Undergrad: 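Below you'll find the structure I mean.
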Amino acid sequence: MNQAIAKKANTGTAEALPRRQRFVGLRRFAGNRLAVVGAAIILLLVLVAIFAPLLATNDPIFDQDYGNLLSGPDATHWMGTDDLGRDIFSRMLYGARISLQAALIAVGLAFCVGVPIGIASGYFRGFWDEWVVMRIVDALQAFPSLILALALAAALGGGFYNAMVAVGIGFAPAFIRLARGQALSIRNLDYVMAARSVGAGHMRIMWRYVLPNAMAPLVIQATFAMGSAIIAEAGLSYLGLGAKPEDPSWGSMLHIAQGYLNTNPTLALWPGVAIFAVVLGFNLLGDGIREVFDPKLYR
């Protein structure tokens, strides 16, 4: 009987949702207009980031029109120019690349570090779980993630990639705790016990059974974390600890615009609206994905 349960687990339980429920979930996602709007915003961000060299009208760093500083939108510069005469439209396009990289690097690092640790901790339990992993997680979560990232970025010496490593470390405790909770709820389910009884090793069980069935909330958490990572990158760049000042980061553009709010407020408008829209898009997309994976919606 245990072997039959294990065989059934091998063929079906590793999927987050049965096939019929996946189709129902996709229809539910498509019927959620806000989720579709969020997906469209993120798709637009990805396309802009990929095709920025083709869409940009000027080089975002080296093309400087000194005779046209801090100008408003016109036929040559569609969003105006900054204090060095650089085209804001081109810098906004390349800024999408930096924001997308920030989301992928920071959340990818947090996911790849936090999920294995959390699943192993919740699966094995014991002293390692209670007195090592969870105490470190509690200590890290005692600080707001942005404050922790700020301290780590300053310690690492600044720079875009160091800043994203700092943000990823700041986000990792949330993934550890979530993955641990999922592992605790899955480790004693029937198909896991059956796989263990027929001789499956711990690594196989965690990889084949625990991880796939824990992915739904982890994917949702990753989606929301991407929006937070973009805010964190913009904040660190604004403070001079992220991208270099000359790089077209939306955060560094806001830092430049701070000194010209009274004379040229549109300088801050474009990056501010972009950050708002992209973060909103990730949040709406996360809500839509939650509806797809939420088992309560299929009863």
Side-chain angles (χ1 to χ4, degrees), residues 45 48-49 52 59-62 64 82-84 86-88 90-114 136-137 139-176 221-261 264-265 267-283:
L45 172 70
V48 168
D59 186 278
I61 298 176
F62 299 108
Q64 301 177 5
D82 63 6
D83 58 332
L84 296 178
R86 296 172 297 193
D87 183 63
I88 295 178
S90 299
R91 291 178 65 79
M92 289 293 300
L93 295 177
Y94 279 88
R97 281 189 163 187
I98 294 180
S99 294
L100 186 60
Q101 287 179 0
L104 294 176
I105 294 173
V107 177
L109 176 62
F111 190 95
C112 293
V113 171
I136 295 176
V137 169
L140 291 176
Q141 288 192 317
F143 301 92
S145 58
L146 185 57
I147 300 300
L148 180 61
L150 179 63
L152 291 173
L156 293 173
F160 175 75
Y161 292 105
N162 287 343
M164 292 307 97
V165 169
V167 173
I169 294 173
F171 287 173
F175 285 93
I176 293 174
Q221 173 66 22
T223 304
F224 287 118
M226 285 185 177
S228 299
I230 290 175
I231 294 177
E233 185 277 327
L236 292 175
S237 296
Y238 178 86
L239 296 173
L241 293 173
K244 295 180 291 185
E246 66 272 16
D247 289 339
S249 166
W250 292 341
S252 62
M253 292 174 69
L254 285 175
H255 177 73
I256 294 172
Q258 181 183 10
Y260 304 97
L261 290 178
N264 192 355
L267 201 60
L269 175 65
W270 302 116
V273 169
I275 294 172
F276 169 80
V278 170
V279 174
L280 178 63
F282 275 114
N283 288 338

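Treat the numbers as computed from the prediction; the structure is a model and nothing was measured.
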Undergrad: Could you pull out the closest heavy-atom pair between A222 and F175, with the gap in Å?
TA: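 Looks like CA-CZ, 3.7 Å.
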Undergrad: Any idea which heavy atoms bring L148 and F143 closest together, and the distance?
TA: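 In this case the closest contact between L148 and F143 is CB-CB, 4.2 Å.
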Undergrad: Looking only at non-hydrogen atoms, find the nearest pair between F171 and A225 and report the distance.
TA: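 Nearest pair, atom of F171 first, then A225: CE1-O, 3.5 Å.
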Undergrad: Side-chain donor-acceptor pairs under 3.5 Å in residues 267-276, sequence neighbours left out?
TA:
residue : atom : partner : partner atom : Å
W270    : NE1  : M79     : O            : 3.4

Undergrad: Distance from L140 atom CG to L152 atom CG, nearest 0.5 Å?
TA: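 So the gap between those two atoms works out to 8.5 Å.
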Undergrad: Of the non-hydrogen atoms in Y260 and D83, which two are nearest, and what is the gap between them?
TA: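 Smallest interatomic distance, heavy atoms only, reads OH-CB, 3.4 Å.
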Undergrad: How would you list, by chain and number, every residue that makes a salt bridge (charged side-chain N to carboxylate O under 4.0 Å, His left out) with D82, sequence neighbours excluded?
TA: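 Partners of D82 under the salt bridge (charged side-chain N to carboxylate O under 4.0 Å, His left out) test: R86, R91.
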Undergrad: Does anything in residues 147-169 form a ring pair (Phe, Tyr, Trp, His ring centres under 6.0 Å)? List the pairs, not counting sequence neighbours.
TA: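 Matches after skipping sequence neighbours: none remain.
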Undergrad: Please report the closest heavy-atom contact between A52 and Y94, naming both atoms and the distance.
TA: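 Where A52 meets Y94 most closely, the heavy atoms are O-CE1, 4.1 Å.
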Undergrad: Do any side-chain atoms of residues 100-109 form donor-acceptor pairs under 3.5 angstrom with protein atoms, and if so which ones, sequence neighbours left out?
TA:
none

Undergrad: With a 4.5 Å cut-off on side-chain heavy atoms, are M92 and V48 touching?
TA: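 They are not in contact (no side-chain heavy atoms under 4.5 Å apart), so the answer is no.
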Undergrad: For the residue pair F282 and M226, what are the closest heavy atoms and their distance?
TA: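 Scanning both residues completely, I find the closest heavy atoms to be CE2-SD, 3.5 Å.
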Undergrad: List, one per line, each side-chain donor-acceptor pair under 3.5 Å for residues 239-248, sequence neighbours excluded.
TA:
residue : atom : partner : partner atom : Å
D247    : OD2  : K244    : N            : 3.4

Undergrad: So, taking the atom named CG in L236 and the one named CG in L146, what distance separates them when rounded to the nearest 0.5 Å?
TA: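 The CG atom of L236 sits 6.0 Å away from the CG atom of L146.
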Undergrad: List the atom pairs, donor and acceptor, that lie under 3.5 Å between side-chain atoms in residues 227-235 and the rest of the protein, sequence neighbours left out.
TA:
residue : atom : partner : partner atom : Å
E233    : OE2  : S237    : OG           : 2.7
E233    : OE2  : S249    : OG           : 2.9

